[in-house]
Amino acid sequence: MSDLINKASLELRGLITDALGKLAADGTVPSVPLPDFNIEIPADKSHGDFASNIAMVCAKPFRNNPRKIAEMIIEKLDLTGTGFEKCETAGPGFLNFFLGRKWFSDVVRNVIDEGADYGRTQTGDGKRVLVEFVSANPTGPMHIGNARGGAIGDCLASVLDWAGYKAEREFYVNDAGNQIQKFGKSLSLRYMQLVSADGQAVIKENANDTEKVCAALYAESGEGQRFEMPEDVYLGTDIIEHAKNFLDINGDTLSSLSEDECKKALVDYALPLNIAGLERDLKKYRIEYDNWFRESTLHNNGDTKKVVEKLRESGHTYEQEGATWFRATDFGADKDFVLVRANGIPTYVVPDIAYHYNKLVTRSFDKAVDIFGADHHGYVPRLKAALTALGVDASKLDVVLMQMVRLVRDGEVVKLSKRSGKAITLVTLLDEIPIDAARFYFNLREANSQFEFDLDLAVEKSSQNPVYYVQYAHARICSLIANLKSEGTEIPETADFDLLNKPQEIELIRHIASLPKEVDLAAKTYDPAKITKYAVDLATLFHRFYDACSVKNAESQELMNARLLLCIVTRQVLRNVLTILNITQPEKM
């Protein structure tokens, strides 16, 4: 895959080095090791396409004025046959370089040649990266934080794939531990309520109307509630629905069993349904995982015990008040923490350590990337400390901390679904707004930034809606091509792209050229928001070009051909970017 910006940067570094070599050869400057110097892309394009500080960093070793050094370098520069047409000195000694028309023409040809692969790079060199995201508690529905984490994680895995990594998506199913005990207790209590005299009355009174049964049994606190529920249980109506459905299928068969047997039977029934529901809802969101990894496997195969024993044997634990503690502070963490409680039950962190050991050692991934909520910021160094103590290179674990999102409608923060009156979940959100809007909006900002999701704007069909704005650019090009074909215009295979010299044409091509660089940068920083920003900027530059540079009424047939192919190239790049984000590319809007 071709990254013409990177190639131009490397070519420029070589040109500068050659010029300095000539200056050293004729004795104009001393023969000393060259200091590191930068080649950058100026924000203000009047300052050139590339700029370098080489003259300024050479001032001290050359014992000369930076501007004088810059002038000497320009005298020795040979731009013949290169992608550059001129170089200028600016300010105290910056060198500004300007690309020639051939380079811009090559960009357009490059997209035509690479087509659907344009933007892909080989930076990742096939390294295996496991991206774990969402991993919602399977005891209940997914909330808005999961919706944001899902969009970020899925698009990040796609970005890594485009950057040349072999990325896999994984959902960690917490099907063991305290939350499952809590789930079982909640189900058991609701089931026993339903088989009690009052519970049966509720069912008889409301027949098969599950919602009415839930309403009758659902109580958080306050006077007049039919049943009291303890604090350490889940109070959602989904728990009642599971209990009622189990009762409808199996009757009161569990009422004669022990509490533990009752819990197990109800969990064995409800948990698979919840996990299947998570998978179904995420597929609706266009997220498909390569693997659903169950926490229970770590307990069943003994991995949780093995990591504790390994830490004990290596001398990184100590006993205090009957509990086993890990010396996390020896490895840079803020405090030591308990691995095994005095009652012999491991804490929640033990399976997490075993899980990450499994990722990086057992399955030998080159990188593990986790998408966590911002409340995990103190947890990450402790996890890395444990991995280090186990002999794992903790730098192979990278964590993206994600801030929560606020939903806004009519300028007010929204917590309830307009449709159901309940807390907004992933499912109810997707009932209110298009999937394209959800995926695009949740990637509009860096994961660690606060974000307000405007529900009204997400469904608005206007240029104010960023995803509509980008999709409209694609549809506008499709419409142009369809109209030209209907008028008998043949689409050329090639054209004289050197004719594209208007400022709006140059800016559009320059932005098209930057896609491989943006893909690499998004992969390096784990920030898919760079891709949505690129898409919006591309749409803006296309609309600006299209409004200023007529295609159908161009001054000549040759210029029309060149502009028409630039439109087709832009459409291809829009398609590639929206493919990375897994967002549809409508041809009509």
Side-chain angles (χ1 to χ4, degrees), residues 134-143 146 171-221 225-284 292 294-297 299-300 417 419-423 425-428 431:
V134 179
S135 297
N137 192 329
T139 59
M142 284 176 288
H143 53 69
N146 301 138
F171 191 112
Y172 182 54
V173 183
N174 296 110
D175 63 339
N178 288 337
Q179 72 275 7
I180 298 301
Q181 295 299 319
K182 185 176 177 180
F183 187 49
K185 181 177 180 179
S186 308
L187 289 166
S188 177
L189 285 171
R190 289 305 192 189
Y191 174 81
M192 296 311 294
Q193 288 170 354
L194 289 169
V195 297
S196 70
D198 285 341
Q200 289 292 353
V202 168
I203 292 179
K204 289 175 183 176
E205 180 183 336
N206 296 289
N208 293 318
D209 193 330
T210 303
E211 283 200 15
K212 287 184 179 179
V213 172
C214 289
L217 289 181
Y218 185 65
E220 293 179 350
S221 61
Q225 61 187 27
R226 188 180 295 271
F227 294 107
E228 291 279 357
M229 289 289 282
E231 293 183 359
D232 61 336
V233 295
Y234 296 117
L235 296 172
T237 55
D238 56 302
I239 299 293
I240 300 171
E241 290 172 7
H242 280 313
K244 181 184 181 299
N245 291 337
F246 184 92
L247 182 61
D248 289 343
I249 296 168
N250 301 289
D252 63 354
T253 54
L254 301 184
S255 57
S256 61
L257 300 180
S258 70
E259 184 180 353
D260 285 344
E261 289 174 322
C262 181
K263 288 178 184 176
K264 183 179 185 307
L266 286 163
V267 168
D268 288 348
Y269 163 76
L271 191 61
L273 294 175
N274 276 8
I275 293 171
L278 293 175
E279 187 169 2
R280 179 186 63 247
D281 295 343
L282 286 163
K283 279 185 177 178
K284 179 179 179 181
W292 289 70
R294 292 176 178 263
E295 178 187 342
S296 57
T297 61
H299 297 277
N300 295 338
S417 168
R419 181 179 62 87
S420 66
K422 301 174 184 177
T425 64
L426 171 62
V427 174
T428 54
D431 285 342

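Atom CG of Leu273 and atom CG of Leu278 lie 11.0 Å apart (nearest 0.5 Å). Rounding to the nearest 0.5 angstrom, the gap separating the OH atom in Tyr269 from the CG atom in Leu266 is 9.5 Å. To the nearest 0.5 Å, the span separating CG on Asp431 from CG on Leu426 amounts to 9.5 Å. Distance OG1/Thr237 to NE2/His242: 10.0 Å, rounded to 0.5 Å. Distance check: Ser186 OG to Gln181 CD gives 11.0 Å after rounding to the nearest 0.5 Å. Rounding to the nearest 0.5 Å places CG of Leu282 at 6.5 Å from CZ of Phe171.
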Test Leu187 against Phe246 for side-chain contact (heavy atoms from CB on, under 4.5 Å), laying out the working first. CA-CA 10 Å; Leu187 289 166; Phe246 184 92; over 6 Å; no

side-chain contact (heavy atoms from CB on, under 4.5 Å) between Leu189 and Glu259, worked out: CA-CA 10 Å; Leu189 285 171; Glu259 184 180 353; over 6 Å; no

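In the displayed structure, Lys264 atom NZ is contacted under 6.0 Å by at most 12 heavy atoms of other residues, nucleotides or ligands.
Heavy-atom minimum distance, Ala176 versus Glu295: O-OE1, 3.5 Å. Summarising the geometry of Val195 relative to Asp252, their closest heavy-atom pair is CG1-CB, 3.8 Å, with the distance given to 0.1 Å. A pairwise comparison of heavy atoms in Ser188 and Lys263 identifies CB-CG, 4.0 Å as the closest pair. Across all their heavy atoms, Thr139 and Ile239 have their closest contact at O-CD1, 4.3 Å. Taking both residues in full, the closest heavy atoms of Val267 and Pro272 are given as O-CD, 3.6 Å, listed atom of the first, atom of the second, then distance. Scanning both residues, Leu247 and Tyr191, for their nearest heavy atoms gives CD1-CE1, 3.9 Å.
Between Pro141 and Asp238 there is a side-chain heavy-atom pair separated by less than 4.5 Å.
Within the 3.5 Å criterion, the main-chain N or O of His143 finds a donor-acceptor partner in the side chain of Asn146. Between the side chain of Asp175 and the main chain of Ser296, a donor-acceptor pair closer than 3.5 Å is present. For the pair Gln179 (side chain) and Asn137 (backbone), a donor-acceptor distance under 3.5 Å is absent.
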